[in-house]
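Working notes, structure below.
Counting convention: from 1, in listed order, for ligands and their atoms alike.
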Amino acid sequence: MNKIYNFSAGPSMLPKEVMIEAQNNFLNWNNYSYSMMEISHRSQNFLNMVEQTEENLRILLNVPKNYKILFSQGGARGQFSVIPMNLLNKNDIADYICSGYWSSSASKEAEKYCIVNKINVVKKIDNKKIVIPMKEWKTNPNSNYIHYCQNETISGIFIPEEPKFINKHIICDLSSCILSQSIKIENYSLIYASAQKNIGPSGITLIIIKEDLIKQSKQNTPSILDYKILLTHDSMFNTPPTFSWYLCGLVFKWLKKNGGIKEIEKINKKKAYLLYSLIDNSDFYINDIHCDNRSIMNIVFRLIDPSLELLFLTESTNFGLLFLKNHKILGGIRASIYNSMPIDGIYALIKFMIYFEKRYG
Ligand SMILES: *Cc1c(COP(=O)(O)O)cnc(C)c1O
């Protein structure tokens with residue numbers, strides 16, 4: 001039996017050390033004689049954990065003082081509605097950049113709450129998908145913000161350019177790339193991410209928001225989703241998902257211990273490079289994204305002969321490489337290689353891909 005590697009896009013694998021620490025503390029957290037799942041979110045031990053978690057996240061992402069960190073529920077999809085609800089009136093305009101499924105979904109949801117200026121930014125040059133440069137994005141001069149998704153989890157399209165727009169709020173869905181490489185928080189007014197890709201288990205959503213954006217919310221926003229209420233209640237207006245929060249805290253601690261974003265970025269780039277090199281050097285596997293816009297988290301590819309894909313998936317599963325099937329809206333293969341995926345998982349996948357090509361190529 002080969003070692004098992006989990007390439008699921010989300011919920012996805014968590015660092016082994018984190019899982020072991022959670023397991024060791026499951027019944028008797030820090031020797032307090034209870035599980036952290038069984039206590040009030042108002043108790044001092046829980047609050048200390050929350051404080052430490054925020055502190056570590058601030059260090060990891062270098063979050064400036066004038067930015068607030070909020071934890072909420074409803075996932076990134078929840079934020080697709082929560083953002084315009086909090087920030088806009090019905091007649092306000094917002095720019096929605098579309099580079100794939102998730103950014104398009106955000107744009108569609110926003111149409112319920114505001115006037116959406118939808119901008120497609122992906123085009124094909126020499127049969128390769130490429131994102132047009134930000135300066136060519138046809139934003140509306142009267143828009144209240146620009147929304148985009150830095151890493152399209154399903155199509156594997158990444159936007160590396162740091163946003164530089166004058167007098168515009170930038171809002172970014174970082175669900176599948178947060179903490180994978182360095183970003184400058186100052187360039188954004190609000191970033192958000194569901195946890196289950198690169199932060200922790202599902203059930204909790206991270207929002208980092210510039211303080212001056214938190215005003216009285218618009219459009220009768222439900223209190224549990226109102227940024228101002230979340231802030232004044234330290235993200236505990238209603239009972240938060242305590243266990244998910246705790247696990248996110250363990251992941252932040254693990255990242256920090258292992259050298260922070262700088263170190264993980266190096267490893268992530270190497271992991272992605274190894275896979276893309278194999279794909280590019282073969283006449284058997286293809287990736288049709290321009291190298292500037294390739295995700296380092298979700299490596300998407302196809303087989304030249306699509307009739308072999310099912311066999312590829314069956315055999316890879318038997319080989320111990322799990323969940324390589326891409327989302328049904330796109331099909332093909334996707335290796336999600338978030339921070340927790342060790343480089344040995346990449347070597348195992350490469351070994352399998354070479355072996356498969358040898359037999360069927
Ligand atoms: C997974 C994902 C979402 C949806 O997250 P939910 O937690 O299911 O709401 C949104 N955006 C991106 C980029 C994602 O990867």
In residues 91-98, what donor-acceptor pairs under 3.5 Å come from side-chain atoms, sequence neighbours left out?
unit_1 : atom_1 : unit_2 : atom_2 : d
D92    : OD2    : N89    : N      : 2.7
D95    : OD1    : N117   : ND2    : 2.7
D95    : OD1    : N140   : N      : 2.9
D95    : OD2    : N140   : N      : 3.4
D95    : OD2    : S143   : OG     : 2.5
Y96    : OH     : Y145   : OH     : 2.7

(message) Test: salt bridge (Lys or Arg N to Asp or Glu O under 4.0 Å). Region: residues 106-123. Which pairs qualify, not counting sequence neighbours?
(response) E109-K112

(request) Please determine if R294 and D280 form a salt bridge, counting it only when a charged side-chain N lies under 4.0 Å from a carboxylate O. (result) yes

(message) Can you work out which protein residues put a heavy atom within less than 4.0 Å of ligand 1?
(response) G75, A76, R77, F80, W102, C149, N151, T153, D173, S175, S176, S194, Q196, K197

Extract all donor-acceptor atom pairs below 3.5 Å that involve side chains of residues 238-250 and protein atoms in other chains or at least two apart in sequence.
unit_1 : atom_1 : unit_2 : atom_2 : d
S244   : OG     : S202   : O      : 2.9

(message) For F301, does the six-membered ring have the charged nitrogen or CZ of R334 within the cation-pi criterion, i.e. under 6.0 angstrom from the centroid and within 45° of the normal?
(response) no

(request) Please name the residue in the list E265, K270, K271 that meets the side-chain hydrogen bond (donor to acceptor under 3.5 Å, both in side chains) test with N268. (result) K271

